[in-house]
Amino acid sequence: MATRGFVFYLLSGFSVAITLSVLFLNSNVGSHSNERIFLSSSNSVTEKVWPKLEFSWRIVLATVIGFLGSACGTVGGVGGGGIFVPMLTLIVGFDTKSAAAISKCMIMGASASSVWYNLRVPHPTKDVPILDYDLALLFQPMLLLGITVGVALSVVFPYWLITVLIIILFLGTSSRSFFKGIQMWKEETDLNELAKQNETLYEPLVPREDKSDLEILRFNLSWKNILLLIAVWASFLLIQIVKNDVAPCGIWYWALFFSQFPIALGVFGYEAVKLYTEHKKRTQYICGASIEWTPMHIAFCAFCGILGGTVGGLLGSGGGFILGPLLLEIGVIPQVASATATFVMMFSSSLSVVEFYLLKRFPIPYALYLMAVSVLAGFWGQYFIRKLVAILKRASLIVFLLSGVIFASALTMGVVGIEKSITMIQNHEFMGFLGFCSSQ
């Protein structure tokens, strides 16, 4: 109980500290407040604002928040974009679109270092790779498809509606994950007590050391699946690059836009048929959980993948806020859920980074610096939390971190969104839906 209380107060303090920082800075931005909003939505007209990279209290505070956000976000498998974007706009001073672009760079850096760390870690309970490639192939194409849809919708949806969606979705997923963590904590307590009574060691969540690092790395790598994921990623990237050079709402624009659907549905269908066929032969076990791959469950996964991507594209954050809690909900253990969600997030974030680079949406020095901070944070976050899980024998700590990061994102993005919406109302700005083609 003492450990759970410490974790609760730590996450609460982190969330409140970030929110108070946002409130304080939001009340002191003065005449610049009209330029500093937090969503990468094209319905907000902002000038490009790129502060110089120089030592100041702002860069120090951004480094600390970026490090903590990356460390906690990657361990939880949600990235941390809901914390980075308000930080970059309110603390550092970037405009909205540049902040969203740099946020993707930070998520990519943290995800890449976390994936590299996880590739050298064995599965905690079974002799299988810690990255679940079946789930990655199931969700990645739908997530990328959802992101493109979300980005398209972001130019149509009014600002206040996006804020409402943030609050409802993030508080809902955060609460669900928190209660899931409490349930897991109670189960772990019972298991630990039983282990003490039987005078045996608690083994299921403690990484085994029966293989060398190189052997574990080779075992966790599945080149066939990785190459397929890269092919999907490259296809979406090529379409986005070409689509940016054609006239909006023209024939070629819509042809390129809808060409993404057969790619995503083809890869998803291939993996869905594979899982369904194997399920008919025997009960399919993934990550220690018995998952019934019925047509209804597969359709539900497709819906959640598109929903996660759409929300990520709409809010400028990323699909991890849906994918992480979803993997836990279907029964994937926290270590594998975190590793798999981060693996998928590496593809989605890098897709945005390459596109933003080609469009010159972010300053290279700032992006490299904050990405380096995130790379270190992602590695040390994984290292510290996994050691803590092994010592305390509680994988539920990962679930609490996931819940805490989503809750902190709901507070920061919600507070800033409400403040901005009130300002728009006071200034009698347009609050309705915008035309898609006219907003491009």
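- Between the S70 side chain and the S374 main chain, no donor and acceptor come within less than 3.5 Å of each other.
- Tested against F268, the residues L145, I298, V273 include a single side-chain contact (heavy atoms from CB on, under 4.5 Å) partner, I298.
- Sequence neighbours left out, not one pair with a member in residues 63-91 passes ring-ring contact (aromatic ring centres under 6.0 Å, His included).
- Going from atom CD of Q335 over to atom CD1 of I385 covers 11.5 Å, rounded to the nearest 0.5 Å.
- Annotation: R120, atom CZ; neighbour count of heavy atoms from other residues, nucleotides and ligands within 6.0 Å is above 12.
- In this structure, L53 and P363 have side chains that are not in contact, with every pair of non-hydrogen atoms separated by 4.5 Å or more.
- W50 CH2: more than 12 foreign heavy atoms inside a 6.0 Å radius.
- Distance alone, capped at 3.5 Å, places no donor-acceptor pair between the T342 side chain and the A339 backbone.
- Not one N or O on the side chain of Q260 forms a donor-acceptor pair closer than 3.5 Å with the backbone of T148.
- Atom-to-atom distance recorded for L326:CG and C304:SG is 4.5 Å, nearest 0.5 angstrom.
- The backbone N or O of I130 lies less than 3.5 Å from a partner atom in the side chain of N220, making a donor-acceptor pair.
- Residue L214 qualifies as enclosed at atom CG: its count of foreign heavy atoms under 6.0 Å is above 12.
- Going from atom OG of S396 over to atom CE of M184 covers 6.0 Å, rounded to the nearest 0.5 Å.
- Taking the six-membered ring for Trp and the full ring otherwise, F362 and F356 have centroids separated by 6.0 Å or more.
- Checked against a 6.0 Å centroid threshold, the rings of Y366 and Y369 do not count as neighbours.
- Put simply, the side chain of T412 never gets that close to the backbone of I83: no donor and acceptor are under 3.5 Å apart.
- Using bins of under 30°, 30° to 60° and over 60° for the plane-to-plane angle, the ring pair F257/W254 lands in the perpendicular bin.
- A247 approaches Y253 most closely through the heavy-atom pair O-CB, 3.4 Å.
- Not a single donor-acceptor pair under 3.5 Å links the side chain of S175 to the backbone N or O of G172.
- The CE atom of M371 lies 8.5 Å from the CD1 atom of I364; values are rounded to the nearest 0.5 Å.
- T340 places no side-chain N or O within donor-acceptor distance of the main-chain N or O of A337, the cut-off being under 3.5 Å.
- The aromatic rings of W380 and Y383 sit perpendicular to each other, their planes meeting at more than 60°, with 30° as the lower class boundary.
- Within 6.0 Å of the OH atom in Y357, the count of heavy atoms belonging to other residues, nucleotides or ligands does not exceed 12.
- Side chain of S177 to backbone of S174: no donor-acceptor contact under 3.5 angstrom is found.
- Partners of R176 by salt bridge (Lys or Arg N to Asp or Glu O under 4.0 Å), not counting sequence neighbours, listed by chain and number: E329.
- With hydrogens and angles disregarded, no donor-acceptor distance shorter than 3.5 Å links the side chain of S98 to the backbone of F94.
- For the pair I216/V121, no side-chain contact is recorded, criterion being any heavy-atom separation below 4.5 Å from C-beta on.
- Under the rule for a side-chain hydrogen bond (donor to acceptor under 3.5 Å, both in side chains), S235 has no partner lying at least two apart in sequence or in another chain.
- Distance CG/L370 to CD1/I65: 11.5 Å, rounded to 0.5 Å.
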Worked verdict on F343 versus L229 for side-chain contact (heavy atoms from CB on, under 4.5 Å): CA-CA 10 Å; F343 180 60; L229 290 167; 3.4 Å; yes
Derivation and outcome, side-chain contact (heavy atoms from CB on, under 4.5 Å), residues I230 and F347: CA-CA 8 Å; I230 292 176; F347 286 97; 4.0 Å; yes
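- With T74 contributing its side chain and S114 its backbone, the two residues share no donor-acceptor pair below 3.5 Å.
- With rounding to the nearest 0.5 angstrom, the SG atom of C301 is 11.0 Å from the CD atom of E271.
- Taking every heavy atom of both residues into account, S259 and I239 meet most closely at OG-CD1, 3.4 Å.
- The ring of F178 has its center closer than 6.0 angstrom to the ring center of F400.
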